[in-house]
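Notes for the one structure printed next.
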Amino acid sequence: MHVYLDNNATTMVDPAVAEAMIPFFSEIYGNPNSLHRYGTASHPAITKAINQMYKAINASDNDDIIFTSCATESNNWVLKSVWVDKILNGDKNHIVTTEVEHPSVLSTCKFLEEQGVKVTYLPVNDQGVVEAHTLRSFITEKTALVSVMWANNETGMIFPIKEIGQICKERGVLFHTDGVQAVGKIPVDMQEVHVDFMSMSAHKFHGPKGIGALYIRNSEALTPLLHGGEHMGGRRSGTLNVPYIVGMGKAIELATENIEEKMGSIRAKRDRLEDALLAELEDVMVVGNRENRTPNTILISIRGVEGEGMLWDLNNALIGASTGSACASEDLEANTVMLAIGADHELAHTGIRLSLSRFTTDEEIDYVIEKFKSAVKRLRAISSSYAKVQPTAGGEATACGIHHKKF
Ligand code: 7TS
């Protein structure tokens, strides 16, 4: 059996999405900016995709949704353009973000710090969540932007976007959220939150890789990242990637229609897997409470078992999982989100992320439970650092040199 449980890294393209894209490669291939019939032939499909995007997140007609090449581009666009508009050409000098953003936000913030921008990195609590009230004391009249993700890619923890948006609105500060791990996993309704900019990525909800979008409330001014041929109203140049736009529209429609029902089914499988691992393995813990977590995600730490060793064993059993963000997985570093939560280095090396999708089956879950248990048993038997101890009431154990917080 093959089991893919790395859906927070990327998802399978839904066959219905692939089918919708196919005509736009070799049949309807004109440049949509061309005035002839070959160009205009794709217009209805583009309009349909745009409408699917607006409907999926309940955007209003005054808002813009601009297609980009990926969420990394969307995140770079907001941060760099707010820097140009409000800091280089304005009187602000400060951006607030969090310690646990995706590298496309954190690395851009580091770059902006090198340019002289002041950046505040908000801490997370022991659940891995930024508490909205911590933001209040950090916003000053020099703050140009607050950027806080909607859901974390490693833990699945959902951040209080409604409260944060409200604080930003009261203080007159622009608010960006990286919605990549929220859209298609939990209901996202732009009428319910005050968000100025939201990044999205199609490949996280069974669309193709290499296409993303940026939601812009009330068509807020934002200097383009890509200048050129005035595509998309001059907001983002580059010939429209019609097949991928069609694919993203179809994918977001499929992911968000009856989302509660779809997610209920994923949640039931996720909970069954989580319950089994917690009940049948000793000295393991899952980061973050379930109620406040995206329904497909488990970040589990297995005391005494290196994440990479675990991945190796799972991979040999044809199970795809992750030790954290694939974007950072070439350097065998500790899980940065676990470090931010307060885990020590040793524990932060033991995190395994299991992320399900609507294509995950009950049989696959049964298979993963068995293989996971046997991998932990094997790796602990050869582990020099693992000594079986009973955790104390506070969830702390010291016999193997690991001191950790109870998550
Ligand atoms: N933002 C978040 C929260 C993400 O999880 C990712 C990808 C991105 C942005 C980047 O999206 P892209 O469209 O540029 O690819 N996250 C992961 C992950 O968790 N493991 O691999 C990729």
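Read the numbers this way: they start at 1 and go in the same order the structure lists the ligands and their atoms. Just so you know, these numbers use all the heavy atoms, side chains as well, and skip hydrogens, waters and symmetry mates. The first residue of the sequence shown is numbered 1, and numbering continues consecutively from there.
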Close side-chain approach of Met198 and Arg217, heavy atoms under 4.5 Å: no
N or O contact, Val180 vs ligand 1, cut-off under 3.5 Å: no
Atoms in ligand 1 flagged as close to [X], the criterion being non-hydrogen separation under 4.0 Å:
{"X": "Ser201", "result": "12 (P), 13 (O)"}
{"X": "His203", "result": "12 (P), 13 (O), 15 (O)"}
{"X": "Gln181", "result": "3 (C), 4 (C), 5 (O)"}
{"X": "Cys70", "result": "12 (P), 13 (O), 14 (O)"}

Shortest non-hydrogen separation from Ala151 to Thr294 and the atoms involved: CB-CG2, 3.8 Å
Nearest heavy-atom neighbours spanning Pro208 and Gly247: CD-C, 4.0 Å
Test item, Arg353 contacting ligand 1 (heavy atom, 4.0 angstrom): yes
Proximity flag Lys204 to ligand 1, non-hydrogen atoms under 4.0 Å: yes
Residue that, paired with Phe372, satisfies side chain to side chain contact (heavy atoms under 4.5 Å, CB included) out of Leu5, Ile302, Leu273: Ile302
Qualifying residue for side chain to side chain contact (heavy atoms under 4.5 Å, CB included) with Asn296, from Ile186, Ile266, Thr11: Ile266
Short side-chain donor-acceptor distance under 3.5 Å, Asn258 and Lys262: no
Mode of Thr72 contact toward ligand 1 - side chain, backbone, both, neither (heavy atoms, under 4.0 Å): both
Location of contacts on Met149 toward ligand 1, heavy atoms closer than 4.0 Å: side chain
Geometric class of the Phe25/Tyr244 ring pair [parallel <30°, tilted 30-60°, perpendicular >60°]: perpendicular
